[in-house]
Novice: 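Please see the structure below; I have some questions.
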There are 2 protein chains.
Amino acid sequence: MTKRRVSLKDMAKELGVSISTVSRALKDHYDLSPEIIAKVKALAKEWNYAPNPFAMSLLKQQTKTIGVIVPDIVTHFYSSIISGIENKAGENGYYIIISSSQESHRKEKENLKNLLNLRVDGLIVCLSQDTMDFSHFESVLDSEIPLVFFDRVCRTEEFSSVVIDNVEAAKELTVHLFKNGSKKVAHIAGPPNLNITKERVEGYRKGLEECGLTFDPNLLIHCNLSIEEAAVATNKLLSLKNPPDAIFGVNDMVIFSAMKEIKKKKLKVPEDIALVGFTDEFHATVVEPNLTAVAHPTFEIGKEAARLLLNEINSPVKKTVQQVTMKAKLIERESSAKRGKQIS
Amino acid sequence: MTKRRVSLKDMAKELGVSISTVSRALKDHYDLSPEIIAKVKALAKEWNYAPNPFAMSLLKQQTKTIGVIVPDIVTHFYSSIISGIENKAGENGYYIIISSSQESHRKEKENLKNLLNLRVDGLIVCLSQDTMDFSHFESVLDSEIPLVFFDRVCRTEEFSSVVIDNVEAAKELTVHLFKNGSKKVAHIAGPPNLNITKERVEGYRKGLEECGLTFDPNLLIHCNLSIEEAAVATNKLLSLKNPPDAIFGVNDMVIFSAMKEIKKKKLKVPEDIALVGFTDEFHATVVEPNLTAVAHPTFEIGKEAARLLLNEINSPVKKTVQQVTMKAKLIERESSAKRGKQIS
DNA sequence: AAGGTTTGTGCAAAGCTTTGCGGAAATAAA
DNA sequence: TTTATTTCCGCAAAGCTTTGCACAAACCTT
């Protein structure tokens, strides 16, 4: 138990005036005598007064708090987005409360319930990997608390969301591989229920089509987004009788893992097999060879999600569902350099 | 403005009983009739009642909230520690509010003030890079709110802290380099004001001493923890007339940057120059060659800090300052392999 | 001097919960 | 029938802030 902070009451007692007078003095109410105002302010400063946020929340029925649910906070992709959210929220006097679903549907539901009970003013959510049933968001609709999804989304007619154009980006990536000499492009995809998986697979197939390559079901493997499963998938691909000459991975983890497995087999990237993926700016340049990748503007995604949410929170009208698509850019680096070209 | 949630009052009205009865029924008060209890509970469930946390905070004078201040949330080291904190806090029904100082003393002060005004029950802090003046923690002492530092600490007689044995680890790292053939070990250190810097420099010098190497001031460079400054430092070392054959970097950023610069110069790690540092498990294995490093048990550090804090929060006695030193282990990988030995 | 206006301040309610205490009704005992 | 005992439930205060309304005092006008 910690010490009680000073309240208006304490100051009123000290100065021999009423609580209301103190309250008003602090906000320069027009018809208080200047002396009183000065006295009150001086004492407030000396005693280091700050309004009790709980009393305020109770009164105002708003908490200046945003709840965030992400699959995990350790992955750079998410922490960077969180950073963007924090940035925007902070600018507007909002605090964020972060909770991670650890890619579990159960935990996601639990976190959602907790944040709702905490009376957050709004929510920003990225779905967990194994969320296939979206009924828990019904309660959000009921409560009329604004919610914005990002990256992994659902119920887009009911909730705003921030995404990148996955179809287009995946297509671009596939075409890029073809142009740089790959003829057998494999794709290690994510869990089939996620929108990002579906969209990227769609883009992959469109890309193949555009290049006149036929889709080979053996070259498309779904896995969850762990290092382990990605390693298994990679090895499966590499041991095909007709192995791929390029792999397009659905995200960071998958790419890292694939790269490790490829190196273990003494194969060279990109000479033997090119490698591309979706990732964030940071990691693409840490690994070697540097990764050709669709880089998410993570910080911006976070900021945008927060901006949308703040808009909805402060909007007088009922609902303003919006889908924002951010620009993701393909950055060509070493891992998919043209065959035969010397890598420096 | 969102919909009001149901309150005890609403339910009391609906059932035609008093608020107190509803409140007591929900906690199975002994002298209420079983029928009333059943009715209340049924309605509470149907209406999805949850106590208003602000009313509770007001009443109980505690918020079940922990404030966390870190230099940034994007770096894996910190996000992983945060993850540990969240884990432990969650288990005990506490929420965490995270704010980042962005390595700025000013922001750190501001965050501290905000969290104090928010009435958090406790604080977990890692100092910013340019915090040299620690007077802002006076207010924490005054408020009697428990605080635990980790990694970058100060005022250790007044606040508990969780650290690793930097001196010992740095010494070990230096000796390891010597044993594997390095004779001129350089150290890129952090800002001189940080305890981690001082301790690692001390360990470095002890290590040199133990190996019978004399300390060369040219081989010790201080820099802030950015990619850019680390690159400058690395180049300065490499262009000495008598350049080092090993670099010991104070943290991740420094190491990544140094590695890039070394590769740019077409030098080989570890053949031309060995590289070791302090980092987390994850990144050490992502870069190539894999990094020999003192790996922080980041998740555990977070859990331990939270554990200490929770102890203090729930302790009836006044103060129980504790210094916990976590085990950091040196993991030998490729970047410092014995000279001449083949790297697989 | 009496009524009207201005100026400065306090009361009280609302927002929500918990809990000590007191009170009413019902039952048991005398 | 009256008193004592249970059994069940409500009042009210505390925790803190804001704000509409009311009240009092001082001033001004006629």
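Here is how names work: the chains are called A, B, and so on, in the same order as the sequence lines, proteins then strands, and each is numbered from 1.
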Novice: Please tabulate, one pair per line, each protein N/O and nucleotide N/O from nucleotides 12-16 of chain C that are separated by under 3.5 Å, including the distance.
Specialist:
from	atom 1	to	atom 2	distance (Å)
dC16(C)	OP1	Arg4(B)	NE	2.8

Novice: On DNA chain C, nearest-nucleotide positions of Lys27(B) versus Ser33(A): which is more 5'?
Specialist: Ser33(A)
Novice: Roughly, in whole Å, what's the span from NZ in Lys13(A) to C1' in dT9(C)?
Specialist: 20 Å
Novice: Can you give the donor-acceptor pairs under 3.5 Å from side chains of residues 17-25 of chain B to other protein atoms, not counting sequence neighbours?
Specialist:
from	atom 1	to	atom 2	distance (Å)
Ser18(B)	OG	Ser20(B)	N	3.4
Ser18(B)	OG	Ser20(B)	OG	3.3
Ser18(B)	OG	Thr21(B)	N	3.3
Ser18(B)	OG	Thr21(B)	OG1	3.1

Novice: Donor-acceptor pairs under 3.5 angstrom involving side-chain atoms of residues 45-59 of chain B: please list them, not counting sequence neighbours.
Specialist:
from	atom 1	to	atom 2	distance (Å)
Asn52(B)	OD1	Phe54(B)	N	2.7
Asn52(B)	OD1	Ala55(B)	N	3.2
Ser57(B)	OG	Pro53(B)	O	2.9

Novice: Could you tell me, to 10°, how much the axis swings from one end of the helix from dA1(C)-dT30(D) to dA30(C)-dT1(D) to the other, five pairs per end?
Specialist: 80°
Novice: Could I get the full list of side-chain hydrogen bond (donor to acceptor under 3.5 Å, both in side chains) partners for Lys41(B), not counting sequence neighbours?
Specialist: Asp28(B)
Novice: Can you list, by residue number, the residues of residues 37-48 of chain B that have a non-hydrogen atom closer than 4.0 angstrom to DNA chain C?
Specialist: none
Novice: Between Ser160(B) and Gln323(B), is any side-chain donor less than 3.5 angstrom from a side-chain acceptor?
Specialist: no
Novice: Taking atom P of dT7(D) as reference, at what distance in whole Å does atom CD1 of Ile36(B) sit?
Specialist: 17 Å
Novice: Given dC9(D), dG10(C), dT19(C), identify the nucleotide with an atom nearest to the side chain of Thr21(B).
Specialist: dC9(D)
Novice: Lys60(A) NZ to dT17(D) P: how many Å, rounded?
Specialist: 12 Å
Novice: Given dC21(D), dC8(D), dC11(D), identify the nucleotide with an atom nearest to the side chain of Arg24(A).
Specialist: dC21(D)
Novice: Taking only residues two or more places apart in sequence, or in another chain, which ones meet Thr325(A) in a side-chain hydrogen bond (donor to acceptor under 3.5 Å, both in side chains)?
Specialist: none
Novice: Could you give the side-chain donor-acceptor pairs of residues 85-98 of chain A under 3.5 Å, partners two or more places apart or in another chain?
Specialist:
from	atom 1	to	atom 2	distance (Å)
Glu86(A)	OE1	Ser100(B)	OG	3.3
Glu86(A)	OE2	Ser100(B)	N	3.1
Asn92(A)	ND2	Lys88(A)	O	2.8

Novice: ring-ring contact (aromatic ring centres under 6.0 Å, His included) with Phe159(A): which residues, sequence neighbours excluded?
Specialist: Phe149(A)
Novice: Look only at the side chain of Arg119(B) and the backbone of Gln61(B), and say whether a donor-acceptor pair between them is shorter than 3.5 Å.
Specialist: no
Novice: Using atom types as modelled, flag every donor-acceptor pair under 3.5 Å from a side chain in residues 298-307 of chain A to any protein atom, sequence neighbours excluded.
Specialist:
from	atom 1	to	atom 2	distance (Å)
Thr298(A)	OG1	Ser80(A)	OG	2.6
Glu304(A)	OE1	Arg307(A)	NE	3.2
Glu304(A)	OE2	Arg307(A)	NH2	2.8

Novice: Sequence neighbours excluded, which residues qualify as side-chain hydrogen bond (donor to acceptor under 3.5 Å, both in side chains) partners of Asp72(A)?
Specialist: Thr75(A)
Novice: Go through the structure and list residues passing side-chain hydrogen bond (donor to acceptor under 3.5 Å, both in side chains) with Glu110(A), not counting sequence neighbours.
Specialist: Arg106(A)
